[in-house]
Amino acid sequence: MKDPMFSDAHLQKLDALRKRYPKSKPLVLPALWMAQEQFGWISPEVMKYVAGLLDLPVSHVYGVVTFYTMFNTKPVGKYHVQVCTNVSCMLRGGDRLLAETCSRLKIRPGETTGDERITVTGVECLGSCGTAPAVQINDDYHENLSPEKLETLLNELR
Amino acid sequence: MEEFSEKLILPDITDLHRIEVYEKNGGYSALRKALRMKPEEVVDEVKKSNLRGRGGACFPTGFKWTFMPKESDKPKYLCANGDESEPGTFKDRQIFEFNPHLFIEGALIAAYAMGIAVVYTYVRGEYAKWIDLLQRAVDDAYRKGYIGDKILGSAFSTEFTVHKGAGAYICGEESALMNSLEGERGYPRVKPPFPAQNGLWGCPTTINNIETLANVPHIISRGWEWFSKIGDSKQPGTILFGISGHVKKPGVYELPTGTLLTDIIHKHAGGVPGNKKIKAVIPGGSSTKWIRGENIEGVRMDADSLKAAGSSIGTGGIIVMDEDTDLVAVITRIAHFYHHESCGQCTPCREGCGWLEKILKRFSAGEATEGDLDLLLDVANNIEGNTICALGDAAAWPVQSFVGLFRDELERRVKKTPAPPAYVPPPHLVTSRS
């Protein structure tokens with residue numbers, strides 16, 4: 001793999017953020033977000049790159065990446081379908097939504113379809129309890145779903 | 001109790017998220033007023049209003065502000081907590097979406113009152129859309145001179161930064177939030193020292209919930225006396241109650257504290273679909289203790305009334321379960337959540353939450369043994385109070401209350417093992433006495 005390198009836009013954004021914190025360490029989450037946006041996932045090379053940018057030990061960046069659930073430490077599909085299965089969604093069919101979506105796509109939770117388009121993951125509460133069951137696809141929330149509605153949605157993405 | 005129907009935080013005004021509309025409706029006039037007051041007068045006003053934190057702990061806000069040193073050779077910080085990850089809670093996102101300037105104005109007034117020049121707002125990573133909406137509002141407020149250097153011609157200057165989390169329930173705990181903001185893993189810190197002495201980067205810091213800060217402009221513009229008369233006198237104001245689960249119209253309802261739980265369920269949320277009976281209610285987010293359906297009559301949504309009902313108000317996130325709900329499955333799901341979210345620092349929580357889940361899974365599968373009920377309670381009791389932060393308690397409380405309230409549900413899942421066959425001695429031991 002080629003050495004990762006932030007786009008100019010990301011480098012400028014990061015520089016602007018430096019003024020907002022007294023140290024460079026707090027930039028680790030913003031920098032990792034930029035990395036995930038640009039590279040899709042946080043590979044060991046990306047961790048090394050971010051550590052170099054912020055003058056932090058790679059071990060520290062690794063520790064941070066693996067603490068938070070939203071950083072992908074392996075590649076995900078073009079569409080990351082995150083199905084909430086916590087209580088409020090569960091009471092309104094979140095579990096069934098996850099199970100049926102997986103079986104329609106012939107994958108298990110956490111897996112990616114063969115064409116690398118869709119990854120389905122079961123996640124904790126998305127804060128969409130009033131519009132349950134809810135799914136987050138990449139950055140966007142989709143609410144009040146049924147397996148059928150989600151299937152239509154996924155077909156439209158294809 | 002006097003009927004109070006005004007919506008303070010989420011009024012029905014179209015496009016209120018736009019700064020011009022907010023200004024037209026009196027927006028930022030509280031900030032102007034506050035800037036003409038002495039900082040300690042602002043603190044005093046909030047203190048007398050009896051505003052309590054809306055993040056779950058109900059701590060008196062003005063009192064918290066007095067913990068901040070007036071003089072400090074270190075910078076002081078305000079962290080607005082928008083991590084909002086407690087299952088059943090979805091209120092702060094409404095503020096970011098529909099009334100972000102009210103929160104921003106409240107945070108600015110708080111910063112002025114405590115002499116703070118840097119405000120961070122920590123928002124959970126999943127809320128990408130709402131972070132954008134908030135950032136847009138912050139940019140507008142900068143543009144109009146409400147944030148930045150010499151705000152509205154006064155001597156007060158402050159910066160305002162939105163910080164995006166990355167998926168960790170624990171970062172809603174204030175000291176974990178500070179660690180996360182500092183670029184660390186989100187591990188809670190041992191207290192004392194408290195944030196007001198030793199917070200972000202070792203400097204005096206106050207952490208307030210988004211909804212809490214959104215109440216502040218109203219207190220400043222209309223006075224503490226007016227505010228203190230709304231709803232329950234010990235915890236006045238309105239609360240954004242989020243109701244979810246088995247109700248016809250789930251959503252966020254802004255109502256005064258002390259509103260009847262049954263009114264929220266039936267009058268506002270339209271009751272239970274199919275008019276089924278209510279089997280259980282979680283009144284304030286997944287960490288609060290459960291209430292049996294037949295005991296919700298007369299319970300009011302304020303700290304005291306819920307305490308009397310054996311629970312607490314938490315974040316005001318109400319979860320309703322109808323008579324057909326598999327309650328054991330629900331409590332098992334909650335235990336799974338806390339196991340997943342335990343940061344792993346403290347042994348009782350890291351190991352105990354795993355045990356709670358494991359034992360409850362045995363009940364769910366009908367594989368539990370007689371001793372599992374006592375074991376479940378024993379594990380929960382040994383987590384509670386023995387950890388750095390309240391996540392351990394949050395994991396123990398629902399389980400403890402569940403065993404107390406729904407013991408029968410669990411007992412029904414104990415595996416009925418057939419009685420062992422009667423002892424038949426081998427022939428060579430049988431002695432004939434006849």
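Residue numbering restarts at 1 for every chain, and letters A, B, ... go by the order of the sequence lines. Fair warning: this is a prediction, and the values are worked out from it, not measured in the lab.
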Undergrad: State the CD1-CH2 distance between B:I131 and A:W33, to the nearest 0.5 angstrom.
TA: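 Taking CD1 in B:I131 and CH2 in A:W33, the distance rounds to 8.0 Å.
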Undergrad: What pair of heavy atoms forms the shortest contact from B:Y127 to A:L126, and how long is it?
TA: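 The pair with the smallest heavy-atom distance is CE1-O, 3.4 Å.
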Undergrad: If you count the non-hydrogen atoms of other residues, nucleotides and ligands that lie under 6.0 Å from NZ in B:K248, is the total more than 12?
TA: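 Result for NZ/B:K248: enclosed.
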Undergrad: Can you tell me which of B:S85, B:G165, B:C171 forms the most heavy-atom pairs within a distance under 4.5 Å of chain A?
TA: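 Maximum pair count with chain A is reached by B:G165.
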Undergrad: Please examine the side chains of B:E126 and A:V123, heavy atoms only from C-beta on, and report whether any two atoms are closer than 4.5 Å.
TA: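 The answer is no, as the side chains (C-beta and beyond) never meet within the 4.5 Å cut-off.
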Undergrad: Heavy atoms only, distances under 4.5 angstrom: which of A:V64, A:T85, A:L27, A:L17 has the most pairs with chain B? Name it, please.
TA: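 Maximum pair count with chain B is reached by A:T85.
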Undergrad: Taking the basic N atoms (NZ, or NE/NH1/NH2) and the acidic carboxylate oxygens, is any pair closer than 4.0 Å for A:K25 and B:E184?
TA: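 Yes, this pair counts.
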Undergrad: Check each atom of B:Y253 against the heavy atoms of chain A and say whether the ones under 4.5 Å are side chain, backbone, both or neither.
TA: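 No part of it gets close to chain A.
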Undergrad: Going from CD on A:E143 to CZ on B:F90, what distance comes out if it is rounded to the nearest 0.5 angstrom?
TA: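 The distance works out to 10.0 Å.
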Undergrad: Would a 4.5 Å heavy-atom cut-off, applied to side chains only, mark A:T66 and B:R185 as touching?
TA: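 Yes; the side chains approach each other to less than 4.5 Å.
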Undergrad: So which part of B:T325 gets closer than 4.5 Å to some heavy atom of chain A, the side chain, the backbone, both or neither?
TA: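 Side chain of B:T325 only, per the 4.5 Å heavy-atom cut-off to chain A.
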Undergrad: For A:D55, look at atom CG and say whether over 12 heavy atoms of other residues, nucleotides or ligands are found less than 6.0 Å away.
TA: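 Open.
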Undergrad: Mind ranking B:C343, B:A269, B:G186, B:A329 by heavy-atom pairs under 4.5 Å with chain A and telling me who comes out on top?
TA: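 Greatest number of close heavy-atom pairs with chain A: B:G186.
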Undergrad: Side chain, backbone, both or neither: which part of B:I319 has a non-hydrogen atom closer than 4.5 Å to chain A?
TA: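 Answer is side chain: those atoms of B:I319 sit under 4.5 Å from chain A.
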Undergrad: Hey, which of B:E341, B:R93, B:E84, B:E86 has the most heavy atom pairs under 4.5 Å with chain A?
TA: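 Ranked by contacts with chain A, first place is B:R93.
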Undergrad: Report the distance from atom OG of A:S88 to atom CD1 of B:I318, rounding to the nearest 0.5 Å.
TA: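 Going from the OG atom of A:S88 to the CD1 atom of B:I318 covers 11.0 Å.
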Undergrad: Measuring heavy-atom distances to chain A, does B:V320 have an atom under 4.5 Å in its side chain, in its backbone, in both, or in neither?
TA: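 The answer is the backbone of B:V320.
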Undergrad: Chain B: which of A:L29, A:L54, A:V61, A:V28 shares the most heavy-atom pairs with it under 4.5 Å?
TA: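 Result: the option with the highest number of such pairs is A:L29.
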Undergrad: Could you state the interatomic distance from CE (A:M90) to CD1 (B:I334), rounded to the nearest 0.5 Å?
TA: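 Rounded to the nearest 0.5 Å, the CE-CD1 separation comes to 8.5 Å.
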Undergrad: Is there a side-chain contact between A:Y68 and B:S180 in this structure, where contact means two heavy atoms from C-beta onward sitting under 4.5 Å apart?
TA: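 A:Y68 reaches B:S180 side chain to side chain.
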Undergrad: Do B:K129 and A:D139 have side chains that approach each other closer than 4.5 Å (heavy atoms only, starting at C-beta)?
TA: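 Contact flag for B:K129/A:D139 side chains = no.
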Undergrad: Taking all non-hydrogen atoms of both residues into account, name the closest pair between B:T161 and A:R20 and its distance.
TA: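 The pair with the smallest heavy-atom distance is OG1-NH1, 2.9 Å.
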Undergrad: Looking at B:R124, B:E159, B:H336, which has the largest count of heavy-atom pairs under 4.5 Å with chain A?
TA: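 Highest number of pairs under 4.5 Å: B:R124.
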Undergrad: Answer yes or no: is there a side-chain heavy-atom contact under 4.5 Å between A:C125 and B:Y169?
TA: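 SC-SC contact between A:C125 and B:Y169 ruled out.
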Undergrad: Give me the atom names and distance for the closest heavy-atom approach of A:G130 to B:S244.
TA: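 Answer, listing the atom of A:G130 first, then B:S244: N-CB, 4.3 Å.
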Undergrad: Looking only at heavy atoms and a cut-off of under 4.5 Å, which of A:A31, A:S128, A:A132, A:S24 has the most pairs with chain B?
TA: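 Ranked by heavy-atom pairs under 4.5 Å with chain B, first place is A:S128.
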Undergrad: Please verify the inter-ring angle class for A:Y21 with B:H163; under 30° counts as parallel, over 60° as perpendicular, anything in between as tilted.
TA: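 Correct class here is perpendicular.
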Undergrad: Other residues, nucleotides and ligands only: do more than 12 of their heavy atoms fall within 6.0 Å of CD on A:E116?
TA: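 Check fails, neighbour count at 12 or below.
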Undergrad: As an exercise: rank B:G242, B:G125, B:P75, B:G344 by heavy-atom pairs under 4.5 Å with chain A and give me the winner.
TA: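 Top option by heavy-atom pairs under 4.5 Å: B:G125.
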Undergrad: Minimum heavy-atom separation for A:P22 and B:Y77, please, with both atom names.
TA: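 Closest approach of A:P22 to B:Y77, heavy atoms only: CG-OH, 3.8 Å.
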Undergrad: Measuring from atom CG of B:L200 to atom NZ of A:K23, what distance do you get when rounded to the nearest 0.5 angstrom?
TA: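 One finds 10.5 Å between CG of B:L200 and NZ of A:K23.
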Undergrad: Taking atom CG of A:D8 as the centre, does the number of heavy atoms from other residues, nucleotides or ligands within less than 6.0 Å exceed 12?
TA: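 Open.
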Undergrad: Quick one: which of A:H60, A:R92, A:Q82, A:E124 has the most heavy-atom pairs under 4.5 Å with chain B, could you say?
TA: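 The candidate making the most pairs under 4.5 Å is A:E124.
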